[in-house]
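The next block holds one structure in the form of structure tokens; read it before the comments.
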Amino acid sequence: MFPNPYDERDDVFWIVGLSTDVRHATEVIPGAQPPGEWVPTLCHHWIRLPFPTPAGRVPSTAAIQRQCPRCGELAEQRDCSGVIWDF
């Protein structure tokens with residue numbers, strides 16, 4: 001599901017970076033940067049964007065529910081609209 005364009009809150013995307021097992025929130029729109037690119041998160045941690053999953057397969061990160069608590073606090077303080085995003 002995509003963020004609501006009529007919602008005035010900032011959007012954050014919960015992404016599992018390459019070789020990690022926790023979701024971080026980032027303001028970088030998925031697809032705006034190439035796979036493998038380093039992007040900042042709300043907690044000032046840098047993650048590498050994962051590579052797309054081939055069509056017809058479930059992303060390996062789909063089962064990861066654990067979120068960075070610091071990103072969660074910052075997103076809540078800023079009243080951000082969050083979207084879980086898997087590549």
Side-chain angles (χ1 to χ4, degrees):
M1 171 185 253
F2 289 101
N4 182 348
Y6 303 106
D7 187 349
E8 295 183 14
R9 297 185 299 171
D10 289 331
D11 298 323
V12 292
F13 301 91
W14 289 92
I15 297 174
V16 179
L18 283 175
S19 302
T20 64
D21 63 349
V22 63
R23 291 185 182 276
H24 283 274
T26 182
E27 294 177 308
V28 175
I29 298 171
Q33 300 290 330
E37 186 74 25
W38 290 95
V39 296
T41 64
L42 293 184
C43 69
H44 301 291
H45 183 82
W46 286 77
I47 60 171
R48 288 184 65 201
L49 291 176
F51 291 86
T53 301
R57 295 188 183 172
V58 176
S60 59
T61 59
I64 297 175
Q65 300 298 316
R66 197 172 119 218
Q67 295 180 338
C68 168
R70 183 69 183 136
C71 283
E73 290 171 11
L74 293 168
E76 188 174 321
Q77 288 172 3
R78 294 170 48 180
D79 193 31
C80 293
S81 175
V83 177
I84 292 178
W85 194 274
D86 291 303
F87 291 83

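Keep in mind that what you see is a predicted model, and the values were worked out from it rather than measured.
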Find the distance between CZ (F87) and CG (L18) and round it off to the nearest 0.5 Å. 9.5 Å

Cluster check V83, V39: I/L/V/M/F/W/Y, side chain < 4.5 angstrom: yes

In terms of hydrophobic clusters joined by side-chain contacts under 4.5 Å, are L74 and W14 together? yes

Where the side chain of R48 meets the backbone of G36, is there a donor-acceptor pair that is under 3.5 Å apart? yes

Would you find a donor on one side and an acceptor on the other, under 3.5 Å apart, between the side chain of T26 and the backbone of P40? yes

Tell me, which pairs form a salt bridge (Lys or Arg N to Asp or Glu O under 4.0 Å) where one or both residues lie in residues 52-70, sequence neighbours left out? D21-R66, R70-E73

If you measure from CZ on F13 to CD1 on I84, what distance do you get to the nearest 0.5 Å? 12.5 Å

Linked, directly or transitively: W85 and V28 (ILVMFWY side chains, under 4.5 Å): yes

Begin with the C-alpha distance, continue with both residues' side-chain angles, and end with the deciding distance and a verdict on side-chain contact (heavy atoms from CB on, under 4.5 Å) for V12 and R78. CA-CA 10 Å; V12 292; R78 294 170 48 180; 5.6 Å; no

Measure across P50 and I15 and return the closest heavy-atom pair with its distance rounded to 0.1 Å. CD-CG2, 4.0 Å

Considering residues at least two apart in sequence or located in another chain, which fulfil the side-chain hydrogen bond (donor to acceptor under 3.5 Å, both in side chains) criterion with T61? D86

Taking side chain to side chain donor-acceptor pair (under 3.5 Å) as the cut-off, I'd like each qualifying pair that reaches into residues 33-45, sequence neighbours left out, listed once. none

Rounded to the nearest 0.5 Å, how far apart are NE2 of H24 and SG of C71? 5.5 Å

Work out which heavy atom in P34 is nearest to a heavy atom in L49; give both atom names and the distance. O-CD1, 3.9 Å

